[in-house]
Asker: 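Can you keep this structure in mind? I'll have questions shortly.
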Number of protein chains: 2
Amino acid sequence: MPKPLNTRGKIVQAASKLFYSEGIGRVSMDAVAEKAGVTKRTLYYHFDSKDDLVAAYLDARDQPNLKQMAGWFAAAGGGPDEKVAAIFEALARSARHPKWKGCGFLRTTAELAALPGHPAVKIGARHKAAFAGWLAGEMESAGFEAPAALSRQILLLLDGAFSASLVHREASWFEEAGAAARALIRAHPRRPEASAAVGA
Amino acid sequence: MPKPLNTRGKIVQAASKLFYSEGIGRVSMDAVAEKAGVTKRTLYYHFDSKDDLVAAYLDARDQPNLKQMAGWFAAAGGGPDEKVAAIFEALARSARHPKWKGCGFLRTTAELAALPGHPAVKIGARHKAAFAGWLAGEMESAGFEAPAALSRQILLLLDGAFSASLVHREASWFEEAGAAARALIRAHPRRPEASAAVGA
DNA sequence: GTCTATAAGCCGATAGAC
DNA sequence: GTCTATCGGCTTATAGAC
């Protein structure tokens with residue numbers, strides 16, 4: 001049950017749908033105001049500029065996105081390789097939805113690549129770093145030797161799958177990436193004294 | 001020695017620099033005309049629309065880009081794992097250039113994700129498929145069991161490295177991706193009857 | 001094939017009222 | 001905090017002359 005939104009929340013929700021669906025540069029502030037059911041004066045009361053609204057769009061996606069990834073990981077059975085693969089499988093299912101258009105963080109970063117100091121770009125970098133940090137923690141708990149490096153390699157496959165699936169409009173790239181991630185995890189050395197109780 | 005360009009070539013060259021540097025939506029046709037040293041009337045004589053010019057921008061990058069990749073691969077010593085790793089190392093060097101802003105094909109696809117039928121999006125997909133096809137041929141010659149699947153996994157790491165390097169402005173992601181690619185190649189089964197003469 | 005000039009509309013952002 | 005109305009600038013694309 002979606003809890004009732006205040007005006008600011010309605011604006012962010014409307015902006016999120018439009019920015020994700022059309023891209024930042026192709027969505028006008030007029031369109032956001034109309035979709036949110038407010039006037040532009042109200043929109044500019046809550047946000048100083050379009051750049052601020054774009055940053056709020058990504059910021060609103062940060063925590064829910066991370067929780068979704070962690071949820072897929074936690075719900076899956078098997079060892080860490082199978083739990084990571086479950087994330088890729090879930091993303092493959094998402095990518096088959098007709099409205100799917102890739103990763104909002106990556107697409108926004110790509111569109112704003114000429115503006116490295118843009119607040120939304122910083123939020124995107126922070127989000128990806130937070131995901132890698134969470135995954136490294138899980139890999140550490142699973143007893144792997146170099147959890148940070150392993151989580152970075154998994155993230156590379158994840159971002160590659162977002163890109164390739166978008167380029168070719170073919171969700172099976174997530175499954176290919178999941179298979180590669182499984183292979184890298186299985187080949188990764190574990191600590192000798194690892195507390196291999198969990199999921200081993 | 002850059003061969004002298006005709007008017008159309010000058011326009012494409014100017015458009016390429018601007019589109020890659022700023023992104024499609026942030027470059028006006030006025031800016032392209034001024035940079036190319038022609039008037040807008042001339043620009044619209046050679047190209048029917050901005051969309052056509054964007055397609056020409058990516059099309060002009062297609063073959064040179066593929067040849068550059070193949071050149072790095074061919075120039076490197078060692079087995080196929082080292083030759084693939086050489087591509088990642090060369091891209092890491094490119095990514096350290098201050099003007100580097102990721103992969104033009106991926107960024108254009110991301111920006112135009114709402115327009116799957118756009119001619120430039122199709123050219124981007126064709127380019128990535130051509131790279132994967134070339135790499136699969138090389139992996140086949142090297143005697144690997146499933147060359148197409150292996151080349152797709154390498155491409156995932158490559159596109160992931162483009163994305164991650166752009167997000168974090170940190171070229172070392174290419175080196176991390178190269179290490180992962182080496183690991184996947186080494187772990188990949190070879191055909192029993194492989195003509196393992198080359199690079200083995 | 002290239003020039004000058006301009007159409008026609010959309011953009012982000014703002015003003016003043018209540 | 002929300003409304004109506006609008007500014008000045010920039011956008012893609014086109015018209016007519018040579």
Side-chain angles (χ1 to χ4, degrees), chain A residues 3-60 107-108 111-115 117-121, chain B residues 3-60 107-108 111-115 117-121:
Chain A
K3 78 172 171 185
L5 290 171
N6 55 16
T7 301
R8 191 194 145 96
K10 280 196 304 183
I11 293 171
V12 171
Q13 187 178 66
S16 294
K17 285 182 185 173
L18 290 171
F19 286 153
Y20 179 74
S21 156
E22 306 289 330
I24 308 300
R26 306 180 77 85
V27 173
S28 69
M29 293 296 266
D30 286 272
V32 173
E34 186 184 348
K35 179 126 184 161
V38 301
T39 63
K40 277 173 63 170
R41 189 69 184 87
T42 301
L43 203 170
Y44 275 99
Y45 173 83
H46 289 283
F47 299 93
D48 285 345
S49 67
K50 186 176 180 179
D51 288 343
D52 278 2
L53 182 57
V54 175
Y57 148 59
L58 286 193
D59 204 43
R107 275 178 56 215
T108 302
E111 190 169 345
L112 305 181
L115 312 165
H118 194 291
V121 173
Chain B
K3 76 173 172 187
L5 289 170
N6 54 17
T7 301
R8 192 195 145 95
K10 279 197 305 185
I11 293 170
V12 171
Q13 187 178 65
S16 294
K17 286 181 184 172
L18 290 171
F19 286 154
Y20 178 74
S21 157
E22 306 289 331
I24 309 300
R26 305 180 78 84
V27 173
S28 71
M29 293 296 265
D30 285 274
V32 172
E34 187 184 347
K35 178 128 187 160
V38 301
T39 63
K40 277 171 61 170
R41 188 69 184 86
T42 301
L43 202 170
Y44 275 99
Y45 173 82
H46 288 283
F47 299 93
D48 285 345
S49 66
K50 185 176 181 178
D51 288 343
D52 277 2
L53 182 57
V54 175
Y57 147 58
L58 286 192
D59 204 42
R107 275 178 56 215
T108 302
E111 190 169 345
L112 305 180
L115 312 165
H118 193 291
V121 173

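Lettering follows sequence order; numbering is per chain, from 1.
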Asker: Can you confirm whether K10(B) sits close enough to T42(B) that some side-chain heavy atom of one is under 4.5 Å from a side-chain heavy atom of the other?
Answerer: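 A side-chain contact is absent here, since even the closest heavy-atom pair is not under 4.5 Å.
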
Asker: So does K50(A) reach the base of dA13(C) with its side chain, donor to acceptor, closer than 3.5 Å?
Answerer: no

Asker: Within less than 4.0 Å of OP1 or OP2 of dT2(C), is there a side-chain N or O belonging to T7(B)?
Answerer: yes

Asker: Quick one: are E111(B) and I24(A) in side-chain contact, heavy atoms under 4.5 Å?
Answerer: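 The answer is no, as the side chains (C-beta and beyond) never meet within the 4.5 Å cut-off.
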
Asker: Any side-chain to backbone donor/acceptor pair from K40(A) onto V32(A)? Under 3.5 Å, distance only.
Answerer: no

Asker: Would you say S16(B)'s side chain and V12(B)'s backbone share a donor-acceptor pair under 3.5 angstrom?
Answerer: yes

Asker: Would you say a side-chain N or O of Y44(B) is under 4.0 Å from OP1 or OP2 of dT14(D)?
Answerer: no

Asker: Please give, in whole Å, the distance from dG12(C) P to D52(A) CG?
Answerer: 14 Å

Asker: Taking atom P of dC11(C) as reference, at what distance in whole Å does atom CG of L53(A) sit?
Answerer: 15 Å

Asker: Within this structure, what is the NE2-to-C1' distance between H46(A) and dG1(D), rounded to whole angstrom?
Answerer: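 After rounding, the gap between these two atoms is 6 Å.
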
Asker: Return the value, rounded to whole Å, for the distance between atom CG of L43(B) and atom P of dT11(D).
Answerer: 14 Å

Asker: Does some side-chain heavy atom of V121(A) sit less than 4.5 Å from a side-chain heavy atom of T108(A)?
Answerer: no

Asker: Measure OH/Y45(A) against C1'/dA13(C) and give the value in whole Å, please.
Answerer: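 It is 17 Å, rounded to the nearest whole Å.
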
Asker: Out of dT4(D), dT12(D), dG1(D), which nucleotide sits closest to the side chain of T39(A)?
Answerer: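 Nucleotide nearest to T39(A)'s side chain: dT4(D).
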
Asker: Are L53(B) and F19(B) packed together at the side-chain level, in the sense that at least one heavy-atom pair is separated by less than 4.5 angstrom?
Answerer: yes

Asker: Give me the residues of residues 26-37 of chain A where at least one heavy atom lies under 4.0 Å from an atom of DNA chain D, by number, or none.
Answerer: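 Nucleic-acid contacts, sorted: none.
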
Asker: Please report the distance, rounded to the nearest Å, between CD1 in I24(A) and C1' in dC11(C).
Answerer: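 Value for this atom pair: 15 Å.
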
